[in-house]
Number of protein chains: 2
Amino acid sequence: MTEAALRTFKLTVAYDGSEFAGWQVQPGKPTIQGKLQDAARQLAGSHVNVIGSGRTDAGVHALAQVASCELLWRDSTQRLLMALNAHLPDSIVVDQVDEAVPGFHAIRDAIGKRYRYQLQLGGLRDPFQSRFRWHLRTKLDLEAMQIAARRFLGRHDFRGFQNSGSDRKTTVREIRACEVFAQSNQWNDREHVAVEIEADGFLYNMVRSMVGTLVEVGRGKQAPAWVDSLLVAGERGLAGQTAPANGLMLLRVDYDPKCVVD
Amino acid sequence: MTEAALRTFKLTVAYDGSEFAGWQVQPGKPTIQGKLQDAARQLAGSHVNVIGSGRTDAGVHALAQVASCELLWRDSTQRLLMALNAHLPDSIVVDQVDEAVPGFHAIRDAIGKRYRYQLQLGGLRDPFQSRFRWHLRTKLDLEAMQIAARRFLGRHDFRGFQNSGSDRKTTVREIRACEVFAQSNQWNDREHVAVEIEADGFLYNMVRSMVGTLVEVGRGKQAPAWVDSLLVAGERGLAGQTAPANGLMLLRVDYDPKCVVD
């Protein structure tokens, strides 16, 4: 490609969100979108709009967030990847750049997402994991949490599991996976547990309020069937607390494979 | 114990060293020793000297550093642990407190140490591991490194593997283990490798210059037998570079079990 042309790119981005005020650009604050737009502007010479599949909150991490952008770029996607990374801080990396079909839009075209929420149960705090886990003082009943987790599967109205800030047309979402499992830890004696949730989409703070709800069940304060009644009631005040941001990581965003050009 | 008595304690401490100017107290800079002494002073009401088994450099981490201190304390070791942790930042945790025999001294009484040095070979930088690994752009020949590592075993004069700053009486050390191995990484596609070295003691920057030397062998710039000639020559300028601090972690410090009171 010798002439500069406005091309559409799909960026797959990993970040440690600890030191950012979230994904979305905010004046005077470090954000992931801001750092990506700064990097892209250095290459393009003018403002580039980088659209994420969704806004992650302050402290939330991503193993594979997806963003779309349009850019004047004459060179290969591999060169674009290297050039973007050269202008990004250590806590953000563009892991993959694909050329996308014109009009590709990271929010509108997303067909599914998977999140992981990480917990530490009991024990002393862990200086190596505090950025990535919610540390609970007590052990949890994982079997009860697993039973409760399965009750989230399928299509439900999740209006009882969103915090204000959403303005989605519908609050119905399809949960495709909701798993609670022990994680191995060869590092020290801390007990690590994770919840992974996959859906066609998520409302604002939905994963974190689902996790807060599962933790209530794990603490024995509610039975697994509580999940059913929360889904029927649809009132946010009834469900569990919003789990802290630092335990959350966006694992994957799914698109139709045809969104990228070979 | 009802009367306040000056007791000797053995503290086992874990820390993420990324944001500290190393172990040792320095005016106006955050250090691990400084944070521990601040915490102990809050409990004792006056200055407490906390002696580490060795000074870790800025950016170096510890899974189980050991420190000794004398403290007026009426309560149990478990209460002391909780009280110290309540006054420490998230990046430092006292994992264990043992009552030690009077006169126990974390430097003088140490009989062995084990360090791990972590590397990432090739690939893009990893936002979740940059604090804990030396990222090399290229792959390494692990077999050659393993052969070279075995040549360090036994008693040798390591004066060719220390940086200025040491003032030890003897530069002879006994290497009890020196292992190079691939680490599993289920997180992403980065290749993780570690070097673990155990000895009766280490000179200043000795692990990091041994690792720098093994990396030269792994790059194919030197044969494994180079290690022998470096040990014989004993000149620091000949060995490999000092590997960066952030990849290093103090795993363990060994003492005679009789140093603690049941």
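What you are looking at is a predicted structure, and each value in this text was computed from that prediction instead of being measured. In what follows, chains are A, B, ... by sequence order, proteins preceding strands, each numbered from 1.
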Task: Expected output: side-chain B:R131 to main-chain A:F128 donor-acceptor under 3.5 Å - done: no
- [ ] Kindly indicate whether the side chain of B:L124, heavy atoms from C-beta on, has any atom under 4.5 Å from the side chain of A:N85.
- [x] yes
TODO: Would you indicate whether A:K35, at its atom NZ, is surrounded by more than 12 heavy atoms from other residues, nucleotides or ligands within a distance under 6.0 Å?
DONE: no
Task: Region of B:D189 in contact with chain A, defined by heavy-atom distances below 4.5 Å - done: neither
Task: Under 3.5 Å: donor-acceptor pair, side chain of B:R125, backbone of A:S91 - done: no
TODO: Identify the residue among B:D90, B:L63, B:V93 that makes a side-chain contact (heavy atoms from CB on, under 4.5 Å) with A:P127.
DONE: B:V93
Task: Interface residue of largest heavy-atom contact number with chain A, from B:D95, B:L81, B:I92, under 4.5 Å - done: B:D95
Task: Contact winner vs chain B - A:M249, A:Q186, A:H61, heavy-atom pairs under 4.5 Å - done: A:M249
TODO: Under 4.5 Å heavy-atom distance to chain B, tell me which part of A:L251 shows up: side chain, backbone, both or neither.
DONE: neither
Task: side chain to side chain contact (heavy atoms under 4.5 Å, CB included) against A:Q146, all qualifying residues, sequence neighbours excluded - done: A:E143, A:R150, A:V180
